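Here is the structure we will look at.
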Amino acid sequence: MTVLPADGFSPAAEFTDPSHDQWQSLVEGVLRRSGKDVEGAAAEEALSTSIEDGLTVRPLYTSADASPDPGLPGFAPFTRGSRATGNTTDGWDVRQRHELADPVRLNEALLGDLENGVTSLWLAVGGPGGVPVQGLARALEGVHLDLAPLVLDAGADPGPAVRELLGLHEARGLAKEAARGSLGVDPLGQAARTGAEPELGTAVDWALLCARAYPGLRALAVDALPYHDAGGSAAEELALSLATGVAYLRELTAAGLSVEEACAQLEFRYAATADQFLTIAKLRAARRLWARVAEVCGAPDAGAQRQHAVTSSVMMTRRDPWVNMLRTTLACLGAGVGGAESVTVLPFDHALGLPDAFARRIARNTSTILMEESHLARVTDPAGGSWYVERLTDELASSAWAFFQEIERAGGQAGALRSGMAQERLAATWAARSKDLARRKEPVTGVSEFPALDERPVERETAPAGPARGGLPTVRRDEAFETLRARSDAHLAATGSRPKVFLAALGPASVHTARASFAANLFLSGGIQPVHEPVSVDASTAAAAFAASGAGIACLCSTEALYAEQADGVAAALRAAGAEQVFLAGRPAEYAGADVHVFAGCDVVAVLSSELDRMGVA
């Protein structure tokens with residue numbers, strides 16, 4: 001609908017609506033000036049981006065990009081939200097996670113969070129990384145359990161923690177109707193983590209108890225984090241969570257619960273990443289998929305999925321961890337706009353050990369700022385109606401549904417885990433993504449891009465070792481580069497200096513700066529210190545400059561024209577001065593003096609790992 005000013009005149013009235021062909025013609029002109037002579041659909045294709053799950057993001061979406069009707073918020077298929085009002089009433093639930101074994105320290109942290117904006121608590125209980133079951137009462141002193149919902153993460157044997165919590169409710173004289181939160185029982189998720197056979201019977205018992213006596217408690221968590229943490233894609237995360245939810249539905253309805261009662265016992269947990277649009281689409285697609293399951297089961301109105309989003313641990317880096325604040329902010333934004341009812345922002349130092357008070361404060365304030373200052377919760381499904389988001393939601397849902405069907409044919413979630421089918425699929429996805437990370441096609445700021453070798457390490461108290469994992473692995477985007485940087489650190493500690501590379505820049509700064517900066521960034525990502533002094537060299541000055549640099553290798557940096565004139569001569573001078581290896585910043589070409597070419601898209605991890613090996617850097 002077009003809204004006209006009071007005088008009825010539209011400021012755009014004199015302008016004609018541009019056509020898709022006109023836009024495409026303009027794109028052709030821009031690409032032609034950049035050296036790409038393409039026309040028509042090929043021009044648009046050149047600006048398209050391939051993402052995970054075989055999906056493609058195009059540069060332009062229009063009303064012609066039809067997608068299924070997403071419905072209305074609060075109504076099936078719940079794509080636009082599980083509740084009609086979304087998070088507009090009170091914002092999303094700010095759920096802070098805690099992994100402290102000392103009940104006294106944990107109590108201080110819990111009360112501090114609740115006094116400063118956190119609205120629910122997610123506790124690790126039992127095991128090497130959680131508070132002991134017998135210390136739960138001390139940890140929860142002063143916590144009003146009827147006001148602050150509690151979510152348990154009690155590992156493979158949740159029974160003792162659940163009994164302790166319910167006993168604590170009784171000891172405080174709280175009515176069973178006042179209990180809030182989730183018991184977090186997830187035998188299939190634990191099976192994915194540990195490789196053990198899932199025990200579903202106990203989970204069913206707890207669900208029956210909650211359904212009959214504790215209406216405010218959900219017994220089961222459908223946790224998709226193990227699949228995301230193992231390197232799975234968004235569609236794989238959705239499909240595996242869907243298969244888990246269906247498996248629980250079968251068990252609960254077989255035990256006597258109706259479909260509506262069984263659905264009410266489930267809370268779904270998803271990872272939120274710094275790809276805000278993919279996160280938004282994933283949460284919307286998850287609701288649509290679960291609504292379809294409920295519809296097939298004969299209870300379409302029961303398909304309003306309860307969602308808990310957690311910022312991704314895979315994206316968190318150990319180097320330059322301050323950048324994690326930006327990543328978690330984007331992830332939290334995506335989770336909130338995507339319609340998650342509860343959001344956990346992991347502290348920026350999560351990958352380094354136990355978070356300190358400052359990191360926990362930043363984590364909880366991320367949600368507060370997005371809600372109270374950016375007003376992200378003021379609108380239900382603010383991304384709804386975006387042709388891009390609606391199309392991405394539809395394509396993601398279709399891809400996830402196809403994989404879900406494969407899982408069901410393999411015997412359901414338990415069968416897919418038992419046979420190794422799920423593990424193989426996730427491993428293949430991570431292997432493909434690892435290649436993009438190694439080639440910096442998926443850059444990691446502060447690690448593979450713009451690393452700072454001289455940064456002061458951020459140190460944190462070592463976190464307790466988690467439960468032994470015999471199932472799915474855990475991965476990080478920074479791990480390959482972290483290995484390289486650790487080798488450089490060890491060399492620095494042993495010798496007092498880092499491995500160095502001399503940047504032999506040819507010609508004036510105006511022509512070599514781009515490639516010199518590229519080369520410096522590339523070598524820094526592997527912990528190799530670039531030396532760029534003097535600014536420019538030629539065949540007559542390169543040997544002395546190299547000798548003064550203290551480096552053992554060199555990299556030529558300039559334009560193709562200057563390479564043709566000077567590369568071989570300068571390389572010969574560098575070799576005469578003792579250069580053991582001569583790199584050239586640019587795509588492979590015939591230069592007699594260059595041993596290795598480094599360029600955008602090359603396997604940086606392989607190149608630098610090989611070079612550190614050759615240097616003897618352990």
Side-chain angles (χ1 to χ4, degrees), residues 274 311-331 346-353 355-356 358-359 362 436-460 476-505 509 512-533 535 549-555 557 583 585 598-600 602-609 611-612 615 617-618:
T311 58
S312 166
S313 63
V314 175
M315 71 180 181
M316 304 291 268
T317 64
R318 288 156 281 194
R319 307 279 175 167
D320 203 357
W322 314 104
V323 183
N324 290 331
M325 295 186 201
L326 303 179
R327 298 184 180 104
T328 54
T329 298
L330 283 169
L346 296 179
F348 71 86
D349 54 1
H350 173 78
L352 299 173
D356 64 6
F358 172 72
I362 294 296
D436 286 343
L437 289 164
R439 288 172 167 78
R440 302 195 299 176
K441 290 184 177 179
E442 182 181 337
V444 183
T445 304
V447 177
S448 66
E449 294 284 1
F450 312 114
L453 286 190
D454 297 329
E455 67 172 318
R456 185 176 180 179
V458 177
E459 298 181 354
R460 291 292 183 263
R476 291 186 188 278
R477 293 198 310 159
D478 69 348
E479 56 190 359
F481 289 94
E482 173 65 25
T483 299
L484 297 175
R485 293 283 295 276
R487 294 173 67 179
S488 174
D489 289 347
H491 187 75
L492 174 64
T495 67
S497 64
R498 294 189 184 276
K500 296 179 181 178
V501 58
F502 174 65
L503 300 186
H512 72 233
T513 294
R515 277 183 168 157
S517 299
F518 165 82
N521 197 29
L522 183 146
F523 284 105
L524 282 168
S525 70
I528 300 176
Q529 181 70 55
V531 179
H532 190 186
E533 179 64 35
V535 173
S549 71
I553 60 175
C555 182
C557 306
F583 291 79
V598 289
F599 51 90
C602 73
D603 190 332
V604 175
V605 171
V607 169
L608 297 185
S609 180
E611 187 57 29
L612 290 177
M615 290 177 170
V617 178

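By convention here, the first residue in the shown sequence is residue 1. Quantities reported herein were computed from a predicted structural model and do not represent experimental measurements.
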In Å and rounded to the nearest 0.5 Å, what is the [atom1] to [atom2] distance from [X] to [Y]?
X	Y	atom1	atom2	result
T328	M315	OG1	CE	6.0 Å
E442	L437	CD	CG	4.5 Å
H491	S488	NE2	OG	7.5 Å
C555	L522	SG	CG	8.0 Å
L524	L453	CG	CG	4.5 Å
R476	R318	CZ	CZ	5.0 Å

By side-chain contact (heavy atoms from CB on, under 4.5 Å), A359 pairs with (sequence neighbours left out) P347, F348, D349, P355, D356

Applying side-chain contact (heavy atoms from CB on, under 4.5 Å) to I362 and not counting sequence neighbours gives M325, F358, T366

H532 meets the ring-ring contact (aromatic ring centres under 6.0 Å, His included) criterion, sequence neighbours left out, with H512

ring-ring contact (aromatic ring centres under 6.0 Å, His included) filter on F583, not counting sequence neighbours, yields F523

Considering all heavy atoms, the nearest [X]-[Y] contact:
X	Y	value
L352	P321	CD1-CG, 3.9 Å
A438	F481	O-CZ, 4.1 Å
A519	L503	CB-CD2, 4.2 Å
V605	A480	CG2-CB, 3.9 Å
G446	D320	CA-OD2, 3.7 Å
V604	R440	CG2-NE, 3.7 Å

Any [X] side-chain heavy atom under 4.5 Å of [Y] side chain:
X	Y	value
I553	K500	no
S525	V447	no
T311	N324	no

Residues passing the side chain to side chain donor-acceptor pair (under 3.5 Å) test with E482, sequence neighbours excluded, are R319

key: side-chain contact (heavy atoms from CB on, under 4.5 Å) between F599 and R515, worked out   = CA-CA 9 Å; F599 51 90; R515 277 183 168 157; over 6 Å; no

Q.
Pair I528, L612 - check side-chain contact (heavy atoms from CB on, under 4.5 Å), show working.
A. CA-CA 9 Å; I528 300 176; L612 290 177; 4.0 Å; yes

* **Side chain T483, main chain E479, donor-acceptor under 3.5 Å** => yes

Under 3.5 Å, is there a donor-acceptor pair between the side chain of R487 and the main chain of V617? yes

Open item on the list: If the threshold is 4.0 Å, N to carboxylate O, is there a salt bridge linking D478 and R485?
Closed with: no

So side chain to side chain donor-acceptor pair (under 3.5 Å) across residues 445-458, not counting sequence neighbours, yields E449-N521

